[in-house]
Amino acid sequence: MHPEAPSDTEPAAGMLDTRDRLIEAGIEIFADRGFADASVRSICARADANAAAVNYHFRNKANLYAEVLATCHLRAVRRRPMPRLDATGEPPQKVLRRWIRWFLELLLVDGSGPLGRLMAREMADPTPTRALETLAERSMLPMLNGLRETLMALLPGGLGPVQVQLFLHSVVGQCLFYRHAQPALERLHRLHRDGSLPGDPRAAALGVAPYDLDRLADHIATFSLAGLATADPAGAEP
């Protein structure tokens with residue numbers, strides 16, 4: 001059993017300053033309403049702040065939204081430190097498996113709360129702000145660089161940057177499938193279970209929450225390592 005999704009907000013709003021209260025209020029309201037329908041007035045009211053507080057601390061709603069996204073992501077990552085190669089000498093195969101398990105938990109446990117709703121909406125339909133760019137620079141890039149270090153320890157020398165990037169995207173994409181395909185997977189599982197589709201419903205259930213994160217991590221790691229073993233430095237670089 002995986003742990004329950006923790007809250008994405010800090011515990012005691014009374015201990016936070018106005019800027020932090022605006023971020024906490026923004027997490028809740030942006031997650032519920034989206035960027036376009038969330039008003040500065042409602043965020044200030046939720047934060048028990050002056051109506052001009054967003055302009056004072058962030059200049060505008062777009063900057064607050066970017067800060068909310070980055071704060072949510074960084075908070076989730078701090079809660080579960082990212083596995084990476086270090087001086088302990090742990091084999092990169094094990095580090096890759098732990099990274100995949102960590103990323104799945106980030107997506108499927110932390111991602112079930114406001115963080116997941118915010119990220120899913122922004123990834124699928126980016127707002128006309130710099131929010132996604134800020135998130136990529138401050139949160140996503142360090143995470144992917146950690147995975148790249150591990151993959152480079154597993155791949156043969158001489159691969160071009162595009163080849164390496166494709167392997168990286170393949171690992172990440174397998175994990176993201178279980179987050180973003182969840183609604184379709186739930187419906188397919190019901191069809192298998194009810195007999196509307198042929199196939200064993202036990203197999204279909206693998207794609208339905210609550211997930212067996214260890215089983216998924218083992219499968220994705222095994223599949224990825226087999227693919228990495230086929231890397232050919234002599235392959236044409238697009």
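Heavy-atom basis, side chains included; hydrogens, waters and symmetry copies ignored. These numbers were taken from a predicted model, which means no experiment stands behind them.
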- [ ] Please identify each residue that fulfils side-chain contact (heavy atoms from CB on, under 4.5 Å) with Ala47, with sequence neighbours left out.
- [x] Arg21, Leu22, Ala25, Ala49

TODO: Name all residues meeting the ring pair (Phe, Tyr, Trp, His ring centres under 6.0 Å) criterion together with Phe30; count only those two or more places apart in sequence or in a different chain, and write none if there are none.
DONE: Tyr65

Open item on the list: Using a strict threshold of under 4.0 Å (side-chain N to carboxylate O), is an ion pair present between Arg190 and Glu186?
Closed with: no

Open item on the list: Looking at Arg46 and Glu24, is any side-chain nitrogen of the basic one under 4.0 Å from a carboxylate oxygen of the acidic one?
Closed with: no

- [ ] Compare all side-chain heavy atoms of Cys175 with those of Leu107 and state whether any distance is below 4.5 angstrom.
- [x] yes

TODO: Would you check if Leu176 and Phe103 make a side-chain contact, meaning some heavy-atom pair closer than 4.5 Å?
DONE: yes

Task: Short N-O contact, Glu105 and Arg179, less than 4.0 angstrom - done: no

- [ ] Please say whether more than 12 non-hydrogen atoms of neighbouring residues, nucleotides or ligands are located less than 6.0 Å from CE in Met82.
- [x] yes

Task: Results of side-chain contact (heavy atoms from CB on, under 4.5 Å) for Ala221 - residues two or more places apart only - done: Arg97, Ile100

Open item on the list: Restricting to side-chain contact (heavy atoms from CB on, under 4.5 Å), what partner residues turn up for Arg215, sequence neighbours left out?
Closed with: Leu206, Asp212

Open item on the list: When you measure from the side chain of Lys61 to the backbone of Val54, do you find a donor-acceptor pair of N or O atoms at a distance under 3.5 Å?
Closed with: no

TODO: Please tell me if the side chains of Val171 and Leu228 come closer than 4.5 Å, counting only heavy atoms from C-beta onward.
DONE: no

Task: Leu216 side chain reached by Tyr178 side chain, heavy atoms, under 4.5 Å - done: yes

Task: Test item: Val172 and Phe177 side chains (from C-beta on) under 4.5 Å apart, heavy atoms - done: no

Task: Flag side-chain contact, heavy atom, 4.5 Å: Leu106 against Met143 - done: yes

Task: Residue pair Ile27 / Leu118: nearest heavy atoms and the distance that separates them - done: O-CD1, 4.2 Å

Open item on the list: Show every salt bridge (Lys or Arg N to Asp or Glu O under 4.0 Å) that has at least one partner inside residues 147-170, sequence neighbours left out.
Closed with: Arg84-Glu149

Task: Any side-chain heavy-atom pair of Ser42 and Arg33 under 4.5 Å - done: yes

Task: Pairing residues for Glu67 by the side-chain contact (heavy atoms from CB on, under 4.5 Å) criterion, not counting sequence neighbours - done: Arg19, Ile23, Phe58, Thr71, Arg138

